[in-house]
Participant: 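Dropping the structure in here first, questions after.
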Amino acid sequence: MSVTLSCTHPSYTDQNPTSPCGRLKLSVPHFFLDNIQSPQTAQGALASPLTPTTMAVFGHVFPFYADPKPTFPMDTALAVIITIFLTALVTFIIILPGIRGKTRLFWLLRVVTSLFIGAVILAVTFSSEWSVGQVSTNITYKAFSPEWISADIGLQVGLGGVNITLTGTPVQQLNETINYNEKFTWRLGENYAEEYAKALERGLPDPVLYLAEKFTPRSPCGLYHRYRLAGHYASAMLWVAFLCWLLTNVMLSMPVLVYGGHMLLATGIFQLLALLFFSTVTSLTPPCPMHLGTAVLHTHHGPAFWITLTTGLLCVLLGLVMAVAHRMQPHRLKVFFNQSAEEDHMLEWSPEEGGLLSPRYRSMAESPEPQDIPLSEASSEACCKEEHPEETNCAL
C-alpha cells in the first residue's frame with residue numbers, strides 16, 4: 001500500500017504539488033497504519049501525520065527497538081561477594097552443633113566476626129556508594145525536545161566509577177518507561193571518555209548525559225581527576241587491609257595469637273587510611289554545582305564510607321583488646337581461641353621477649369649429669385671384638 005505524505009507548513013496545502021516541500025510516496029505496511037494516529041491540537045489544527053502518539057506494534061514495544069534490558073536489583077559483584085560469605089557462614093552453622101561446651105559460643109563469635117570483616121572489605125572495594133546524592137525534580141527528557149518529565153535522579157560515586165539512575169515518577173511517561181541505570185568506570189584499563197561517547201551515540205536522556213559529562217576528563221569541574229586519584233589510593237589501602245585480614249585468620253589458627261592481634265590491628269589501620277585518602281583528595285577542589293531542572297544535586301558520604309569507618313574502628317578495638325589480653329590474661333586468651341596451654345610446654349612465654357616464639361634453652365649447669373651405664377663382661381668383649389678384630393686382648 002502506498003501513502004502520500006506532504007509538508008505540513010501552513011503556507012502549503014495538499015493541492016499545491018509544485019511547492020518546495022514536494023510530495024513523497026512511501027510503501028507502508030498495513031499494521032503500521034493501524035497504529036498511527038493524528039491527534040488534533042488545542043486550536044483544532046491537525047498535527048503532523050509523521051508525529052504519532054502511539055507507535056507500539058506489540059503492546060508497549062516500539063517498532064525497530066529492542067525490549068528494555070532487564071535490570072538486576074543490585075550490583076552483580078556485590079551479589080557474588082555476599083553469596084560467597086553467606087555460603088561460608090551457613091556451612092559453619094551446619095557443623096556448629098558438633099562443637100561441645102562453651103567452645104561452641106567462642107567459635108561462633110570468632111567466625112561471624114571474621115566473615116563480617118572480610119565481606120565488608122571486599123564489598124566496599126567494589127561498591128559505588130562512597131559518595132551519593134539524590135534529588136526529585138522536573139527536567140527535560142531528550143535533547144531538542146520541549147517535553148518535561150518528573151523524575152528521581154540519583155548519583156553514586158565509587159572507587160572505580162560513577163553510577164547514574166533516572167527513574168520517572170511515575171515510571172510510565174511520554175509513552176515510555178523511564179527507568180535508567182547507567183555506569184561509567186575509570187578503573188585501570190577502562191576509558192571513561194569512550195564510555196561517555198558511546199552514551200551520546202545511544203541517545204541517553206539529558207539528565208544522565210549531564211551528570212556523566214561532569215565527570216569527563218575535560219570537564220572544568222575537575223571531578224574526574226580527584227575522584228579517580230582518591231579511588232586508586234583508597235582501593236590500594238583496602239586490598240592491603242584484605243591481605244592483613246587473611247594473615248590474621250592464619251595466625252589466629254596457630255599458637256601465635258599476639259601476632260594475629262597485631263595483624264587485626266593493621267587491618268583496621270589500613271581501612272582508616274583508605275577513608276583518609278578518599279576524604280582528603282575529594283576535598284581538595286571546590287564543589288561543582290549540578291543543576292538539574294528546578295533543583296540542585298548535592299553529594300555526601302554514602303553507606304560504603306560509613307560502614308568502612310565502623311569496621312575499621314572495630315578491627316582497631318579488637319586488636320588492642322587482644323594485645324592487652326596477651327599481656328594480662330594469656331591463658332584466658334588461649335581458652336577463647338581453643339588452644340591448650342600444654343601444647344607448647346617446651347616454649348617459655350615471656351611478654352617482654354615477644355610471646356610464644358621466645359624459647360629459652362637449658363644451660364649446661366641446668367642439664368642433668370651424664371650417667372655411666374655398666375656393661376657386662378661378655379657384652380664388653382663382644383663389643384671390643386667388633387670394633388678391633390685384630391687385637392686379641394680387649395679390655396674396658
Participant: Distance-only check: which donor-acceptor pairs under 3.5 Å involve side-chain atoms of residues 139-149, not counting sequence neighbours?
Facilitator:
from, atom 1, to, atom 2, distance (Å)
Tyr141, OH, Glu176, OE1, 2.8
Tyr141, OH, Tyr180, OH, 3.0
Lys142, NZ, Gly203, O, 2.9
Ser145, OG, Glu147, N, 3.4

Participant: With a 4.5 Å cut-off on side-chain heavy atoms, are Thr177 and Gln172 touching?
Facilitator: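 With C-beta onward as the side chain, the pair touches.
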Participant: Residues two or more places apart in sequence or in another chain: which of them pass ring-ring contact (aromatic ring centres under 6.0 Å, His included) with Phe336?
Facilitator: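 Expected list: Phe106.
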Participant: Tell me who clusters with Leu317, hydrophobic residues only, linked when side chains sit under 4.5 Å apart either directly or through other members.
Facilitator: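 Result for Leu317 is Val321.
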Participant: Using side chain to side chain contact (heavy atoms under 4.5 Å, CB included) as the criterion, list what pairs up with Val112, not counting sequence neighbours.
Facilitator: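 Counting only residues at least two positions away or on another chain, Val112 forms a side chain to side chain contact (heavy atoms under 4.5 Å, CB included) with Leu89, Leu108.
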Participant: Linking Ile, Leu, Val, Met, Phe, Trp and Tyr through side-chain heavy atoms less than 4.5 Å apart, which residues share a cluster with Ile84?
Facilitator: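 When side chains under 4.5 Å apart are linked, the cluster holding Ile84 also contains Val80.
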Participant: Residues in side chain to side chain donor-acceptor pair (under 3.5 Å) with Ser114, at least two apart?
Facilitator: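 With neighbours one apart ignored, the set is Trp245, Asn249.
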Participant: Sequence neighbours excluded and cut-off under 3.5 Å, please list the side-chain donor-acceptor pairs for residues 268-275, or say none.
Facilitator:
from, atom 1, to, atom 2, distance (Å)
Gln271, NE2, Thr267, O, 3.4

Participant: Looking at every non-hydrogen atom in both residues, tell me the closest pair between Gly158 and Trp186 and how far apart they are.
Facilitator: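 Closest pair (atom of Gly158, atom of Trp186, distance): O-CZ2, 3.8 Å.
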Participant: With respect to Met263, which candidate in Leu252, Val256, Val250, Leu247 satisfies the side chain to side chain contact (heavy atoms under 4.5 Å, CB included) definition?
Facilitator: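 With Met263 as partner, side chain to side chain contact (heavy atoms under 4.5 Å, CB included) holds for just one option, Leu247.
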Participant: Main chain of Glu213, side chain of Thr216: is a donor-acceptor contact present, judged purely on distance under 3.5 Å?
Facilitator: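 Pair found, side chain donor or acceptor close to backbone of Glu213.
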Participant: Is atom OH of Tyr233 surrounded by more than 12 heavy atoms (other residues, nucleotides or ligands) closer than 6.0 Å?
Facilitator: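 At most 12 heavy atoms, drawn from other residues, nucleotides or ligands, come within 6.0 Å of this atom.
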Participant: List the residues meeting side chain to side chain donor-acceptor pair (under 3.5 Å) with Ser136, not counting sequence neighbours, and say none if there are none.
Facilitator: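 Expected list: Asp152.
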Participant: Under a 4.0 Å N-O cut-off, is there an ion pair linking Arg202 with Glu182?
Facilitator: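 Looking at Glu182 together with Arg202, the answer is yes, because their closest N to O distance falls below 4.0 Å.
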Participant: Pairs under 3.5 angstrom only: tabulate donor-acceptor contacts from the side chains of residues 295-307 to other protein residues two or more places apart or in another chain.
Facilitator:
from, atom 1, to, atom 2, distance (Å)
His300, ND1, Val132, O, 3.4
Trp306, NE1, His301, O, 3.4

Participant: Which residues satisfy the side chain to side chain contact (heavy atoms under 4.5 Å, CB included) test with Val111, sequence neighbours excluded?
Facilitator: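 So Val111 forms a side chain to side chain contact (heavy atoms under 4.5 Å, CB included) with Phe92, Trp107, Leu115.
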Participant: Would you indicate whether the side-chain heavy atoms of Met290 and Leu223 approach each other to under 4.5 Å?
Facilitator: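 With C-beta onward as the side chain, the pair touches.
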Participant: State whether the side chain of Tyr227 and the backbone N or O of Val281 hold a donor-acceptor pair below 3.5 Å, judged by distance alone.
Facilitator: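 Checking the backbone N and O of Val281 against the side chain of Tyr227, no donor-acceptor pair under 3.5 Å is found.
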Participant: For the NZ atom of Lys214 and the CG atom of Leu155, what is their distance to the nearest 0.5 Å?
Facilitator: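 So the NZ of Lys214 and the CG of Leu155 are separated by 11.5 Å.
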Participant: Looking only at non-hydrogen atoms, find the nearest pair between Gln173 and Thr169 and report the distance.
Facilitator: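 Residues Gln173 and Thr169, closest heavy atoms: NE2-N, 3.2 Å.
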Participant: Donor-acceptor pairs under 3.5 angstrom involving side-chain atoms of residues 117-128: please list them, not counting sequence neighbours.
Facilitator:
from, atom 1, to, atom 2, distance (Å)
Thr125, OG1, Ile121, O, 2.6
Ser127, OG, Glu129, N, 3.2

Participant: Pair up each side-chain donor or acceptor in residues 192-201 with any protein partner under 3.5 Å, not counting sequence neighbours, and list the distances.
Facilitator:
from, atom 1, to, atom 2, distance (Å)
Tyr192, OH, Ala212, O, 2.8
Glu195, OE1, Thr185, N, 2.9
Glu195, OE2, Thr185, OG1, 2.9

Participant: Would you give the length of the straight line joining atom NZ of Lys334 to atom NE2 of His326, rounded to the nearest 0.5 angstrom?
Facilitator: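 Output value for this atom pair is 9.0 Å.
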